[in-house]
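Okay, so here's the structure we're looking at.
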Amino acid sequence: MATIKDIARMAGVSTTTVSRALNGYDDVSQDTKRRIHEIAEELDYSPNAVARSLVSSKTRTIGVIFSGLKYTGGKDNLAFEILCGINDRANEMNYDILLFSTSPSKQRIKSYYNLCKERNVDGAIIFGLKVDDPYLEEVIKKSNFPCVLIDIPFSNEILGNVTTDNIEGVRLAIHHLMEWGHTNIAMINGYAEAHVSEQRLRGFKKALMERELPFHASKIFDGQFSEEGGEQAMMRILDEHPGVTAVFCSSDLMALGAMRALEKRGRKVPDSVSVVGYDDIILSSYCSPKLTTVHQNKYEMGWASAKLLIEMLEGTDIDHNVVLKNELIVRESTKRLL
């Protein structure tokens, strides 16, 4: 059976270079990588993952923990796009992934540390945690296990995070509305337990303050990040604040629900009320009218989180806080006031 030493001897390089080339590291030239892979194929080289993990005490496996993963009828593919990004970067670096689905009730039964150790993963990426979930407190305060959080900006020596700039994303959306003459703006947020809800509310307040417009807490409604919640919140806005001319929603699903409520009430979008969403899910460019929204690159979030975790696992000296930019996509659901 061929070994790394056999490949190194034929290629005229060190065993370290062979190992790094086979594992996808960027510090090996493409020509050297190609030559090493050709020799490995010629020798029918196949690394023994079990033996390798016994020697290195590493399995080259990442745990991906999704909390609150649920079916949305294909309307929201945010989790899938994040997972695709994680998977692609992990594959590039010759890591495998294990997907775990969790919930607060499951977290009380089995700790984050025990979950990861039982599955023998080197580190974990966690997405969808609420601020009061048991795993979050364990990850931040108790665990010594490498982890990257998505959309929760905490970090320390073994904890990193990947987020998009939620404050700036909402600020862009609200400034767009104000530049088109809207000053009576309501907001449909997610729920208080989500960190992004707090960040997006901060962005909403910041945009109003920059234009010296008053903030009214009575115009903020929770829609639970769901289409039904967005519809119910929009109904309340129409009943309690009939003069509102624009609504910002902290997710596209809630924006779709808000537009459904407006349709039921005979209020045309955007002629009667302008609506802005957040996420830029695929459906936002196909609904009628097409939804103005804040685009965040979900695939890039996953790719960056896997990149960060692998760099942490391999001792690379990098910033543990990664913030990605967002972009406002103006479509048909917003209109300039006359």
Side-chain angles (χ1 to χ4, degrees), residues 62-69 78-90 93 95 97-102 104 107 111-113 115-116 121-171 190-203 225 250-251 278-279 294-327:
I62 295 171
V64 181
I65 304 172
F66 278 86
S67 182
L69 188 62
L78 187 146
F80 176 72
E81 290 188 42
I82 289 175
L83 185 59
C84 286
I86 293 172
N87 184 62
D88 284 355
R89 183 53 180 169
M93 299 304 294
Y95 276 76
I97 63 171
L98 287 178
L99 176 62
F100 312 129
S101 178
T102 186
Q107 292 168 31
S111 72
Y112 156 73
Y113 178 80
L115 176 68
C116 293
V121 297
D122 295 337
I125 298 170
I126 304 182
F127 172 69
L129 286 185
K130 298 180 181 179
V131 295
D132 58 353
D133 277 2
Y135 276 7
L136 184 57
E137 180 180 3
E138 183 183 355
V139 167
I140 295 172
K141 297 181 180 179
K142 302 176 183 178
S143 177
N144 59 356
F145 196 76
C147 177
V148 170
L149 296 168
I150 294 179
D151 265 341
I152 301 180
F154 290 102
S155 66
N156 54 37
E157 295 81 4
I158 59 166
L159 176 62
N161 70 84
V162 174
T163 67
T164 62
D165 194 338
N166 289 284
I167 294 175
E168 180 61 16
V170 177
R171 181 179 169 274
Y191 43 73
E193 298 81 11
H195 192 274
V196 294
S197 294
E198 184 268 331
Q199 293 289 296
R200 290 171 191 176
L201 181 58
R202 284 181 59 189
F225 287 115
S250 282
S251 76
Y278 202 106
D279 288 330
V294 178
H295 172 81
Q296 56 175 352
N297 192 324
K298 286 78 70 177
Y299 175 88
E300 186 180 2
M301 291 174 71
W303 195 94
S305 65
K307 177 178 183 293
L308 175 58
L309 179 60
I310 292 170
E311 288 173 338
M312 290 166 57
L313 290 171
E314 298 180 353
T316 306
D317 185 17
I318 36 83
D319 189 347
H320 287 199
N321 301 280
V322 177
V323 181
L324 306 174
K325 293 183 178 180
N326 294 314
E327 179 185 3

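All values below were derived from every heavy atom in this structure, side-chain atoms included, with hydrogens, water molecules and symmetry-related copies excluded. Quantities reported herein were computed from a predicted structural model and do not represent experimental measurements.
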**Q.** Side-chain heavy atoms of L159 within contact of H320, under 4.5 Å
**A.** no

Q. Is there a donor-acceptor pair closer than 3.5 Å between any side-chain N or O of D133 and the backbone N or O of L136?
A. no

Q: Would you give the length of the straight line joining atom CD1 of I82 to atom CG of N297, rounded to the nearest 0.5 angstrom?
A: 10.0 Å

Q) How long is the span from the OH atom in Y135 to the CG atom in L149, to the nearest 0.5 Å? A) 13.5 Å

Q.
I'd like to know if the side chain of R200 reaches the main chain of S250, judged simply by a donor and an acceptor atom lying under 3.5 Å from each other, with no hydrogens or angles considered.
A. yes

Q. Checking side-chain contact (heavy atoms from CB on, under 4.5 Å) for the pair F127/V64: CA distance, chi angles, key distance, verdict?
A. CA-CA 8 Å; F127 172 69; V64 181; over 6 Å; no

Q: Quick one: closest heavy-atom pair of I86 and A306, and the distance?
A: O-CB, 3.7 Å

Q) Which atom names give the shortest non-hydrogen contact between G169 and V294, and what distance separates them? A) O-CG2, 3.4 Å

Q) When you look at OH of Y299, are more than 12 heavy atoms from neighbouring residues, nucleotides or ligands closer to it than 6.0 Å? A) yes

Q.
If you compare all heavy atoms of C116 against all heavy atoms of I65, which two are closest, and at what distance to 0.1 Å?
A. SG-CD1, 4.3 Å

Q.
Any heavy-atom pair between the side chains of L115 and F145 that's under 4.5 Å?
A. no

Q: Examine distances only and state if a side-chain atom of E138 and a backbone atom of Y112 form a donor-acceptor pair shorter than 3.5 Å.
A: yes

Q | Separation between CG of D279 and CD of Q296, rounded to the nearest 0.5 Å | A | 5.0 Å

Q | Distance in Å, N326 CG paired with R171 CZ, rounded so as to fall on 0.5 Å steps | A | 13.0 Å

Q: Calculate, to the nearest 0.5 Å, the distance between atoms NE2 and CG belonging to H195 and D151 respectively.
A: 9.0 Å

Q: Quickly, which of I125, L83, I126, T102 forms a side-chain contact (heavy atoms from CB on, under 4.5 Å) with F66? Name it, please.
A: L83

Q: Give the minimum heavy-atom separation between A194 and F225, together with the two atoms involved.
A: CB-CE1, 3.8 Å

(Q) Minimum heavy-atom separation for A192 and V131, please, with both atom names. (A) O-CG2, 4.3 Å

Q. Does the side chain of D122 pick up a donor-acceptor pair with the side chain of Y95 at under 3.5 Å?
A. no

Q. Are any of the side-chain heavy atoms of N161 and I152 separated by less than 4.5 Å?
A. no

(Q) So which atom in A304 and which in V322 form the shortest heavy-atom distance, rounded to 0.1 Å? (A) CB-CG1, 4.4 Å

Q. How many angstroms lie between OG1 in T164 and NZ in K298, if you round to the nearest 0.5 Å?
A. 10.0 Å

Q: Apply side-chain contact (heavy atoms from CB on, under 4.5 Å) to L129 and Q107, showing your working.
A: CA-CA 11 Å; L129 286 185; Q107 292 168 31; 3.8 Å; yes

**Q.** Side-chain donor/acceptor of D88 to backbone N/O of G85, under 3.5 Å
**A.** no

